[in-house]
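Quick note: numbers below take in every heavy atom, side chains included, and nothing from hydrogens, waters or symmetry partners. Counting starts at 1 for both ligands and their atoms, in listed order.
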Amino acid sequence: MDRTPEHRPDHQESTDGTFDDLLANNKKFAERFDQHGFDGVAHAGVLMITCMDSRIVPLEMVGLTFGDAKIIRTPGGRVTTSALAGCIAGVHLLQVNRIMVIPHSRCAMAAADDDVIIEKIRNASGADASWVRFGASADQRRTLHRDVEKLRNHPLIGDRAVVGGFYYDVDTGLLERWD
Ligand SMILES: [Zn+2]
């Protein structure tokens, strides 16, 4: 499929109702909201990099709550350039002193490498995604180790935070330390 304007999805009007359920939920949320003026530092000193997967509940799974932790979510829980930037800001400005990197079981980013995922997107949509770097890899231990070492050895992070690599099982809810 080509990418001429006629083939792009219509731009949605802000009034079309697509997000109404979520905005209605938010109104109820705001009615109960009582954290006015709460600061933005990580009160438990924790920063977590984990996958965007909908089965992961980052705070709950380690017993933390509102205000405790910085959460960075990337495909596969990989330490991307912007995740790295978040870690640097976290340790210098937001009281982060422990960083958890957490890939997980049955992750789409571990089922294949980037070439295969890009090919799947091309087959599904006809669109070229060859410029996207997902960082996908079936060898999760190796990529986790590489990501953890990247943080430990980084001159702006290594001295200021302890970095741990963990693996989350989406079927048992258990975290296992891998690195
Ligand atoms: Zn995942």
Side-chain angles (χ1 to χ4, degrees), residues 9 18-19 21-22 25-26 29 40 42 44-91 94 96-154 156-158 161-179:
T18 303
F19 299 100
D21 55 332
L22 304 176
N25 291 343
N26 173 257
F29 171 80
V46 172
L47 183 150
M48 183 187 292
I49 301 169
T50 192
C51 186
M52 61 197 269
D53 194 285
S54 49
R55 294 164 291 189
I56 298 175
V57 282
L59 291 172
E60 291 90 333
M61 73 188 192
V62 291
L64 297 180
T65 188
F66 178 91
D68 282 343
K70 300 294 167 190
I71 311 292
I72 298 172
R73 304 191 70 154
T74 63
R78 296 302 314 278
V79 180
T80 59
T81 303
S82 61
L84 180 63
C87 290
I88 292 168
V91 300
L94 302 167
V96 169
N97 53 30
R98 287 184 289 173
I99 297 174
M100 305 176 81
V101 184
I102 312 179
H104 67 98
S105 61
R106 294 206 282 128
C107 182
M109 294 295 126
D113 64 14
D114 275 17
D115 289 345
V116 174
I117 292 170
I118 286 163
E119 187 59 31
K120 277 185 184 167
I121 292 171
R122 195 195 328 274
N123 291 340
S125 68
D128 175 28
S130 61
W131 55 274
V132 182
R133 292 290 160 267
F134 295 101
S137 167
D139 192 346
Q140 287 176 292
R141 268 187 201 274
R142 185 156 151 268
T143 50
L144 177 63
H145 181 67
R146 207 189 292 155
D147 282 344
V148 166
E149 287 295 301
K150 188 197 300 187
L151 295 173
R152 285 184 182 141
N153 295 328
H154 197 284
L156 288 170
I157 294 172
V162 179
V163 182
F166 304 82
Y167 187 74
Y168 181 68
D169 186 326
V170 297
D171 293 300
T172 64
L174 280 174
L175 271 181
E176 182 186 348
R177 181 129 190 204
W178 269 13
D179 210 297

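In summary, the side chains of D128 and S130 do present a donor paired with an acceptor at a separation below 3.5 Å, with no hydrogens or angles considered.
Using a 4.0 Å cut-off between charged nitrogen and carboxylate oxygen, E149 and R152 count as a salt-bridge pair.
You'll find the side chain of V46 stays beyond 4.5 Å of the side chain of D68, heavy atoms only.
Qualifying side-chain hydrogen bond (donor to acceptor under 3.5 Å, both in side chains) partners for R55, counting only residues two or more places apart in sequence or in other chains: D53. For the salt bridge (Lys or Arg N to Asp or Glu O under 4.0 Å) test, residues two or more places apart in sequence or in another chain that qualify with R106 are D171. Not a single side-chain hydrogen bond (donor to acceptor under 3.5 Å, both in side chains) links D115 to another residue, sequence neighbours left out.
Excluding water, every protein N/O/S atom under 2.8 Å from the Zn ion (ligand 1) is given here by residue and atom: C51 SG, H104 NE2, C107 SG.
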